[in-house]
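Structure, as structure tokens:
Protein chains get the first letters and strands the later ones, always in sequence-line order, with residue 1 at the start of each.
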Amino acid sequence: MANMDLQVEISGLKLKNPVIAASGTFGFGREYAEYIDLNKIGGISVKGLTLEPRKGNPPPRIAETPSGILNSVGLQNPGVDAFIKDEMPFLRQYDTAIIANVAGNTISDYCRIAEKLNDADVDAIEVNVSCPNVKEGCLAFGSSAKGVAEVTSSVRKVCKKPLIVKLTPNVSNISEIAKAAEEQGADAVSLINTILGLAIDIHTKRPVLKNNFGGLSGPAVKPVALRMVYEVSHSVNIPVIGMGGITTGEDAIEFFLAGARAVMVGTANFANPKACIEVLDGIALYMKNCNLTRLDDIVGKLELN
Amino acid sequence: MANMDLQVEISGLKLKNPVIAASGTFGFGREYAEYIDLNKIGGISVKGLTLEPRKGNPPPRIAETPSGILNSVGLQNPGVDAFIKDEMPFLRQYDTAIIANVAGNTISDYCRIAEKLNDADVDAIEVNVSCPNVKEGCLAFGSSAKGVAEVTSSVRKVCKKPLIVKLTPNVSNISEIAKAAEEQGADAVSLINTILGLAIDIHTKRPVLKNNFGGLSGPAVKPVALRMVYEVSHSVNIPVIGMGGITTGEDAIEFFLAGARAVMVGTANFANPKACIEVLDGIALYMKNCNLTRLDDIVGKLELN
Amino acid sequence: MSGVFKDKIVDMKMLREDIFRMTILSEYISSNAMPGQFVHVKCGDDSEMLLRRPISIAFADRERKTFDIIFQVKGKGTGHLAGKKAGDSIDIMGPLGKPFDISESNKNIAVVGGGIGIFPLLFLLNEMSKSQRTVSYLGFRSKDLIVLADDFSRLCSRLEIATEDGSEGYKGFVTSILENHLPSENFDMIYTCGPAPMLKKVSKIAENFGVLCQVSLEQRMGCGIGTCLVCSCKTKVKDKDDWKYSRVCKDGPVFWSSDIIFD
Amino acid sequence: MSGVFKDKIVDMKMLREDIFRMTILSEYISSNAMPGQFVHVKCGDDSEMLLRRPISIAFADRERKTFDIIFQVKGKGTGHLAGKKAGDSIDIMGPLGKPFDISESNKNIAVVGGGIGIFPLLFLLNEMSKSQRTVSYLGFRSKDLIVLADDFSRLCSRLEIATEDGSEGYKGFVTSILENHLPSENFDMIYTCGPAPMLKKVSKIAENFGVLCQVSLEQRMGCGIGTCLVCSCKTKVKDKDDWKYSRVCKDGPVFWSSDIIFD
Ligand SMILES: Cc1cc2nc3c(=O)[nH]c(=O)nc-3n(C[C@H](O)[C@H](O)[C@H](O)COP(=O)(O)OP(=O)(O)OC[C@H]3O[C@@H](n4cnc5c(N)ncnc54)[C@H](O)[C@@H]3O)c2cc1C
Ligand SMILES: Cc1cc2nc3c(=O)[nH]c(=O)nc-3n(C[C@H](O)[C@H](O)[C@H](O)COP(=O)(O)OP(=O)(O)OC[C@H]3O[C@@H](n4cnc5c(N)ncnc54)[C@H](O)[C@@H]3O)c2cc1C
Ligand SMILES: Cc1cc2nc3c(=O)[nH]c(=O)nc-3n(C[C@H](O)[C@H](O)[C@H](O)COP(=O)(O)O)c2cc1C
Ligand SMILES: Cc1cc2nc3c(=O)[nH]c(=O)nc-3n(C[C@H](O)[C@H](O)[C@H](O)COP(=O)(O)O)c2cc1C
Ligand code: FES
Ligand code: FES
């Protein structure tokens, strides 16, 4: 449709469309640039960045489960400085939003990374308080409203970019945690990160992953992610970015209806490097078939029975 | 193998083998008796019983999701009295353990049901503090250590049968909750109940389930269930009964390795009415191939990397 | 009694672009099936879809030991099923559910169907005795969507077709023809299956005219045998001003219209 | 550069009860493939298995525009793959990864393979020039598990086989023959692929004898193109007393043995 408008603004973060590549599944964009036109997607959330370079966890780091995968990468990354120096120039060649996903062991880590990114040409930062694959920090903060409030308020004080807080599903009450982020000045929340899981090799009697436990993602988690996106978007007034198992445009529409303003596509990229584009095309097709022209016509439009 | 011994005792509850039909997926055994020999399975956890009969939630009550299903039955059942009168005589024809799964809106409900069951010929009671499909009680108790402690200690005071507490996965820290059950006198814990989820029909823009939200079960949840069984069995000293997505003997072996003494088979019964028997046969085959004769040779034998 | 079988598909025909008739070799099901009953069909691997799909038995050939199902492609499960061919094997449970109550004493019978609801009615007509007069009322959206008209013609005394756009037969809903005919016809029994609004209307008409009516319902299913309680429908509780949820798979799919509470 | 293709299978042969050779029509992959590279294969629907499976390219026929993969059935993915037949289409990404470094200046070459590791070596030998002398060392568990011996014989100057039970050739591990031969052979380069303990041993031997050695590694993969960082292997950091995790899919699968840290 000529007049279809998929633009969306997430508290100051302008996206040409609502499909963002999810952190950790898209690297720094280089490799997927061979398969798709990065200019076409709404944004890229880059691999989680830490203050210092991190080696990550020993392999194997991936296991396949029914309609899902477990990963235990453990935030392997070159560090925020190397990212700014070596990766940003490449990424900035493309007309797409760049979201810096960041993780820390301590609150001061988060703040120092945010400060460094203030001067970099990133469009937003996504504070990951939900990585299940590292021993210190991160998920420890994300598991309680108090921890999330602390990280958010501290980062908010120094961060000049739109601030997205990425939530973990491994909690009793995700709305409470989203509210804590909102109260402390988050501009948006994104969810869900992976669900902590375990896969066992019954022949070796050991976990498949060398790091033992890993994070579950992929279609298996979609019903849980949708429920949480619904809960959170009905508890906070800041925009919600939804993810968890999105593989098709229809999946994305479910997330919009549940209340997400934008979506992230993660695990689906692995089997299908064109997943982000196909999700985007699927969204446009659905809207065309329903004679809709703006995302606002569907965002949050789920009617409960 | 002639000398293979699959008997197991769960704090006074004697099972001829560790395969139990999971509550809510096996009714009161009548229908499956047409498909399998109920004498062959270790036990049956009957459909959740309440003090008064319950009508349950409006249909549709089921939705299919990737490698899983969502259900929102809402504890439809004839009430504990009718169960004792109408269903127990049928069930007692079979040489298999009968576990009464019970749920209440209030702590006094739980206690009164337990009292009634003291005089019935059930082998154990399984206190369900984890049903996500009813508005009052149940999951509200199960979501906090305090709630579980309250229910457990109250029921313990009146209950003369082995007491199993069934835990919900919708929590930040399931070990804490298991410990609360243990401290208040639970003889065992069983886990996991279903994970709260949502599925949306993008054409009607409404949830697929009439009750909107439902509980996720089936293979999709297996990695999460395994992780929780591992966590719980390493936090408490009482036996753990594991479930969540078990479809084959291999799946069951994963749960034993993670620390479960017995397993329950739920969703798998729907597609395959012989699932319990096939899981049992699969366990025996694995043990035979590994030259093992007793369950103790595998229970909790997972070695972390 | 019913069972789980790995049976063989012996024939597969396309009746319409989206409707298929599958013939399955099964001594047990063909010899035990009664009209109104269904089979619960595994349409793919566990990993592709966990749940079986309920499909009515549309015909049983006791001599050849085969039975037929007729299905419309709606989604993933029926889509997969449409890809099967003669020679393939199929995992099937059945026969399941409560059949239509058939009695030779009913001499004058109406059969009212719409959509996928017409398939079980084919089996019903097939099992009626020659001494029974049967009038079929079938509703379609338009002429080019009509299926099985010849089969119905052959099996019943009279066939009435309604199309919503009037491209064939009566223009409008099939319930309108029924309503028009009822004063003059002296039906002993109405059998109906189809979309919920149609069933509700037929039940109402039957009630108004004091004709007995049996309704075959649809609901999303899990186990298909009565244990999981997901396939509920509202029914009256005998002699009380109360209602309960019955199981479409076990207490139905066929109910007396007077027992059902339509919402 | 690589791509995602829906290609056509043109031939399928069983080499052993559990080993299959599949020929796939793909102009792009056949003309760009280099020995040591792999393809990332979708073996079933998303619902059956989310991840692709990495399989080495075992041969490329640039004229016929086909390439071959040879695979052993290990689990679900390769099991599905074994069920495919000529005429079926297949979803494949490739060619992927860093190939073997081949130089005509290396005149005397050893190729050491075990298990599924022998398949990429076939392609390597095929692309060597006539002027290069190649000795292949292949290890199997026992005589009846030997595959592709004729193909290797044809492509190399000499073929040495070791079986663990001694039922054919040398009794023991293939690394022992290599070790015995090295003092007398004057190899410029060793190429190796196979089980991790074998690779470690070969690397050690190469180091001891001061021969250059390239190793092709295996690791569980996600994306296959370098973004997800799950397929890591430990490698040395140049000029520093440190190590890092490299990506088997992108920085490898072929590494210089001197760069790898075996645990
Ligand atoms: C007793 C009974 C008899 C039936 N007989 C026939 C028949 O003879 N021919 C025919 O074409 N169809 C029949 N149906 C409907 C048929 O079961 C559905 O069309 C089919 O399940 C759709 O599955 P799907 O995977 O193609 O669609 P999807 O929409 O992808 O299915 C998703 C889920 O919803 C369930 N579902 C969707 N529609 C229905 C429905 N109408 N009724 C019950 N469950 C549904 C599916 O079983 C599945 O679990 C019958 C249904 C019932 C309850
Ligand atoms: C670069 C590379 C090249 C390879 N080339 C060949 C080849 O030419 N021929 C051949 O037969 N095999 C080859 N393999 C091994 C092949 O990828 C595995 O045997 C296959 O993935 C097993 O999948 P499955 O589903 O049958 O087994 P499962 O054990 O069911 O697989 C479960 C998961 O583990 C992964 N996995 C299991 N074993 C391996 C392994 N050895 N390496 C990587 N991932 C594994 C699978 O991809 C899958 O994600 C290669 C592996 C790599 C990394
Ligand atoms: C291999 C892998 C690595 C990931 N790394 C990160 C990360 O660095 N930071 C982060 O916030 N989320 C990370 N995630 C989580 C995803 O961004 C996403 O939240 C999750 O996978 C759910 O979405 P999906 O089901 O579409 O994959 C990672 C996920 C995977 C599979
Ligand atoms: C339809 C349905 C009904 C259920 N009803 C109950 C119930 O009444 N009481 C209970 O404790 N658990 C109930 N459960 C949860 C199961 O007992 C089990 O904990 C869960 O389904 C996970 O196991 P599974 O993946 O093997 O099904 C129900 C599950 C399903 C699918
Ligand atoms: S489908 Fe399980 S009770 Fe009807
Ligand atoms: S498989 Fe993703 S980086 Fe190698």
Interatomic distance, OG1@Thr204(A) vs CD1@Ile202(A), rounded to 0.5 Å, equals 9.5 Å
Kindly compute the distance separating CZ (Phe28(A)) from NZ (Lys47(A)), expressed to the nearest 0.5 Å. 8.5 Å
Could you grab the distance from atom SG of Cys233(D) to atom CD of Gln219(D), nearest 0.5 Å is fine? 8.0 Å
Find out whether the Lys NZ or Arg CZ of Lys234(D) is both under 6.0 angstrom from the six-membered ring centre of Trp243(D) and within 45° of the ring's axis. yes
Within 45 degrees of the ring normal and closer than 6.0 Å to the centroid, is that where the cationic atom of Arg21(D) sits relative to Phe71(D)? no
Check step by step if side-chain contact (heavy atoms from CB on, under 4.5 Å) holds for Thr25(A) and Cys228(D). CA-CA 5 Å; Thr25(A) 65; Cys228(D) 71; 5.9 Å; no
Phe26(A), part contacting chain D, at a heavy-atom distance under 4.5 Å: backbone
Side chain / backbone / both / neither for Met93(D) at chain A, heavy atoms under 4.5 Å: side chain
Applying salt bridge (charged side-chain N to carboxylate O under 4.0 Å, His left out), run through Asp251(D) and Lys98(D) and close with a yes or a no. CA-CA 6 Å; Asp251(D) 306 313; Lys98(D) 207 165 109 306; over 6 Å; no
Using a strict cut-off of less than 4.0 Å between a Lys/Arg side-chain nitrogen and an Asp/Glu carboxylate oxygen, indicate whether Glu64(A) and Arg220(D) qualify as a salt bridge. no
Would you confirm whether the ring centroid of Phe59(D) sits within less than 6.0 angstrom of the ring centroid of Phe123(D)? no
Taking a cut-off of under 4.5 angstrom between non-hydrogen atoms, the residues of residues 25-42 of chain D near chain A are Lys42(D)
Glu34(A), Lys274(A), Arg30(A): which one forms the most heavy-atom pairs within less than 4.5 Å of chain D? Glu34(A)
Looking at CD1 of Ile246(A) and CD1 of Ile283(A), how far apart are the two atoms once the value is rounded to the nearest 0.5 Å? 8.0 Å
Go through the atoms of Ser67(A) and report whether side chain, backbone, both or neither lie under 4.5 Å from a heavy atom of chain D. both
How long is the straight-line distance from CG of Asn17(A) back to CG of Leu280(A), given to the nearest 0.5 Å? 4.5 Å
Looking only at heavy atoms, which of residues 266-273 of chain A get nearer than 4.5 Å to chain D? Thr267(A), Phe270(A), Ala271(A), Pro273(A)
Segment of Asp242(D) engaging chain A (4.5 angstrom heavy-atom cut-off): side chain
Ser23(A) side, atom OG; Met243(A) side, atom CE - distance, nearest 0.5 Å: 8.5 Å
Please flag which part of Asn77(A) lies under 4.5 Å from any non-hydrogen atom of chain D: side chain, backbone, both or neither. neither
Is there a side-chain contact between Arg247(D) and Gln76(A) (heavy atoms, below 4.5 Å)? no
For Pro58(A), which atoms come within 4.5 Å of any heavy atom of chain D: side chain, backbone, both, or neither? both
Applying a heavy-atom distance below 4.5 Å, give me the residues of residues 48-56 of chain D that approach chain A, sorted by number. Met49(D), Leu50(D), Leu51(D), Arg52(D), Arg53(D)
Which atoms of Ser72(A) come close to chain D, meaning under 4.5 Å heavy atom to heavy atom: side chain ones, backbone ones, both, or neither? neither
Using a heavy-atom cutoff of under 4.5 Å, enumerate the residues of residues 207-218 of chain A that contact chain D, numbered in order, or state 'none'. Val208(A), Gly218(A)
